[in-house]
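Not measured: the values here are computed from a predicted model. Note: hydrogens, waters and symmetry copies are ignored here, and every other heavy atom, side chains too, is used.
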Amino acid sequence: DLRRLVERSAGVFGKTGTGKTFLTRTLLAGLVQEGVAVNLVFDMHNEYGWKSQDETRQEVKGLRQIFHDKVSVFTLDEESSRRRGSRIDGVVRIGYEQIEPEDVDSLASLMALSDLQVGALYFLRRRLGKGWVSRLLDEHDTLEELNAALEQGTLHGGTLGTIQRKLGLFRRFGFLQAQSPEDPVQQILDYLDQGVNVVLEFGRYGNSLEAYLLVANFITRRIHAHYVRRKEAAQGGQGEEPRPLVITIEEAHKFLD
């Protein structure tokens, strides 16, 4: 009963090679065909969008090939998608100015950020404004706004230096840029609101758990906030109910902490 399935969370568990991806693809195909919900798939290993291979290296069609205009493919890694022959509808680029402390907080365990350092992220965002990440990564920025806090002991120099060093991880991710002309979340929402299912390919960044957790949390938190606003507006008679949304997360157990 697919309508009941999308009302609650569901998980597909199994050892490597037992067919988790194929079962998930079958479930997603059913949801797309029946139209009981719109899907956002975080495709960590590029297996759901255009095509993939089974255990015997036979080519298997992805959701886009099967359902055409009912499914759109976005990518974090345009070069990888093109090499694999994947037909993409958009490239996701996230600007440093769009990143909030909550997004970095979601990586605290992977980046080995202490509670003190996580608390400092919120302080730095308040003091430095929207450009806080860019400024912390700029080796030539003197960060004069922080001088008083450093002198008063509100912020420790060691904490600041550690945060700057650990944020250096972001330089490795090509989908993160100093500025992004577009809002990637709004691009995806535009498709979802029209009832078009979205598969987000990670390309080479699927090998980085930090990139995967950052992007999945970044997008999901904002989509959740959008749906809450839509739901509240509908309850107040100021709009229509949003379409039911299923978010599919590969390697979901990695999010548990």
With side chains defined as the heavy atoms from C-beta onward, is the minimum distance between Glu78 and Ile88 less than 4.5 Å? yes
Rounded to the nearest 0.5 Å, how far does NZ of Lys130 lie from CD of Gln179? 9.5 Å
Geometric cation-pi criterion Arg222 and Phe218, 6.0 Å radius, 45° cone: yes
Stepwise, does the side chain to side chain donor-acceptor pair (under 3.5 Å) test hold for Ser86 with Glu201? CA-CA 9 Å; Ser86 182; Glu201 295 185 343; 3.0 Å; yes
Heavy-atom pair of closest approach, residues Arg243 and Leu192: CD-O, 3.5 Å
Spell out, as yes or no, whether a donor-acceptor pair under 3.5 Å connects the side chain of Gln117 to the backbone of Ser114. yes
What closest approach, in Å, do Val6 and Ala37 show between heavy atoms, and which atom pair accounts for it? CG1-CB, 4.0 Å
Using the rule that two of Ile, Leu, Val, Met, Phe, Trp, Tyr join whenever any of their side-chain heavy atoms come within less than 4.5 Å, decide whether Leu245 and Tyr48 are in one cluster. no
Smallest heavy-atom separation, Val104 atom then Met111 atom, equals CG1-SD, 4.2 Å
Is the number of heavy atoms from other residues, nucleotides or ligands within 6.0 Å of CD (Glu240) greater than 12? no
Report whether Val228 and Ile247 are members of the same hydrophobic cluster (ILVMFWY, side-chain heavy atoms less than 4.5 Å apart, transitive linking). no
Value rounded to 0.5 Å, distance of CD1 in Ile249 from CD in Glu251: 11.0 Å
Look only at the side chain of Glu232 and the backbone of Arg229, and say whether a donor-acceptor pair between them is shorter than 3.5 Å. no
With a 4.5 Å heavy-atom cut-off, do Leu113 and Lys166 have their side chains touching? yes
Taking atom NE2 of His45 as the centre, report whether more than 12 heavy atoms of other residues, nucleotides or ligands fall under 6.0 Å from it. yes
Hey, are the side chains of Val91 and Phe175 touching, using non-hydrogen atoms and a 4.5 Å cut-off? no
I'd like to know whether CD of Glu79 has more than 12 heavy-atom contacts from other residues, nucleotides or ligands below 6.0 angstrom. no
For Asp43, side chain to side chain donor-acceptor pair (under 3.5 Å) partners two or more places apart: none
Would you compute the distance between atom CZ of Arg64 and atom CG of Asp69 and round it to the nearest 0.5 angstrom? 8.5 Å
For the pair Phe202 and Glu250, evaluate side-chain contact (heavy atoms from CB on, under 4.5 Å) and give the outcome as yes or no after the intermediate values. CA-CA 11 Å; Phe202 276 72; Glu250 286 275 279; over 6 Å; no
Contact summary for Phe173 and Glu210, nearest pair of heavy atoms: CZ-CB, 4.1 Å
Closest approach of Thr75 to Ser81 (non-hydrogen atoms, all atoms of both residues): OG1-OG, 2.8 Å
Keeping to residues at least two apart or across chains, list the salt bridge (Lys or Arg N to Asp or Glu O under 4.0 Å) pairs with something in residues 7-35. Arg4-Glu7
For this output row, return yes or no: ring centroids of Tyr212 and Tyr205 closer than 6.0 angstrom. no
Do the side-chain N and O atoms of Tyr122 and Asp105 include a donor-acceptor pair separated by under 3.5 angstrom? yes
Could you walk me through whether Val198 and Val71 pass the side-chain contact (heavy atoms from CB on, under 4.5 Å) check? CA-CA 6 Å; Val198 173; Val71 177; over 6 Å; no
Joint hydrophobic cluster, Val38 plus Leu31, side-chain heavy atoms closer than 4.5 Å: no
Nearest heavy-atom pair of Pro184 and Ile94: which atoms, and what distance? CG-CG1, 4.0 Å
Can you check whether Glu241's main-chain N or O pairs, donor with acceptor, with Lys231's side chain at less than 3.5 Å? no
Distance from Arg127 atom CZ to Leu155 atom CG, nearest 0.5 Å? 8.5 Å
If you define the side chain from C-beta out and look only at heavy atoms, does anything of Asp103 sit under 4.5 Å from Asn217? no
Would you please test Val36 and Val246 for side-chain contact (heavy atoms from CB on, under 4.5 Å) and show each step? CA-CA 10 Å; Val36 295; Val246 171; over 6 Å; no
Check the side chains of Gln187 and Glu182 for a donor-acceptor pair under 3.5 angstrom, ignoring hydrogens and angles. yes
Measure the shortest side-chain to side-chain distance between Leu137 and Gln164 over non-hydrogen atoms and say whether it is less than 4.5 angstrom. no
Taking atom CG of Asp115 as the centre, report whether more than 12 heavy atoms of other residues, nucleotides or ligands fall under 6.0 Å from it. no
Would a hydrophobic clustering, with Ile, Leu, Val, Met, Phe, Trp and Tyr connected at side-chain separations under 4.5 Å, put Val92 with Leu209? yes
Which of Arg93, Arg204, Arg84, Arg82 passes salt bridge (Lys or Arg N to Asp or Glu O under 4.0 Å) with Asp77? It is Arg204
Pairwise side-chain contact, Pro101 with Phe123, heavy-atom cut-off 4.5 Å (strictly under): no
Nearest 0.5 Å, what's the CD1-CG distance between Ile99 and Leu121? 11.5 Å
Does atom CD of Glu144 have more than 12 heavy-atom neighbours, drawn from other residues, nucleotides or ligands, at distances under 6.0 Å? no
Start with the C-alpha distance between Leu160 and Leu146, add both sets of side-chain angles, then the distance that settles side-chain contact (heavy atoms from CB on, under 4.5 Å), and finish with yes or no. CA-CA 10 Å; Leu160 175 60; Leu146 302 179; 4.1 Å; yes
Is it the case that one hydrophobic cluster holds both Val32 and Phe74, taking links as side-chain heavy atoms less than 4.5 Å apart, direct or via other members? no
CG/Asn39 to CG/Leu63 distance, rounded to the nearest 0.5 angstrom? 8.0 Å
Who pairs with Gln186 by side-chain contact (heavy atoms from CB on, under 4.5 Å), at least two apart in sequence or on another chain? Asp183, Leu189, Asp190
Could you tell me whether the side chain of Thr248 reaches within less than 4.5 Å of the side chain of Phe42, counting heavy atoms only? no
Side-chain heavy-atom pair Ile66, Gln33 within 4.5 angstrom cut-off: no
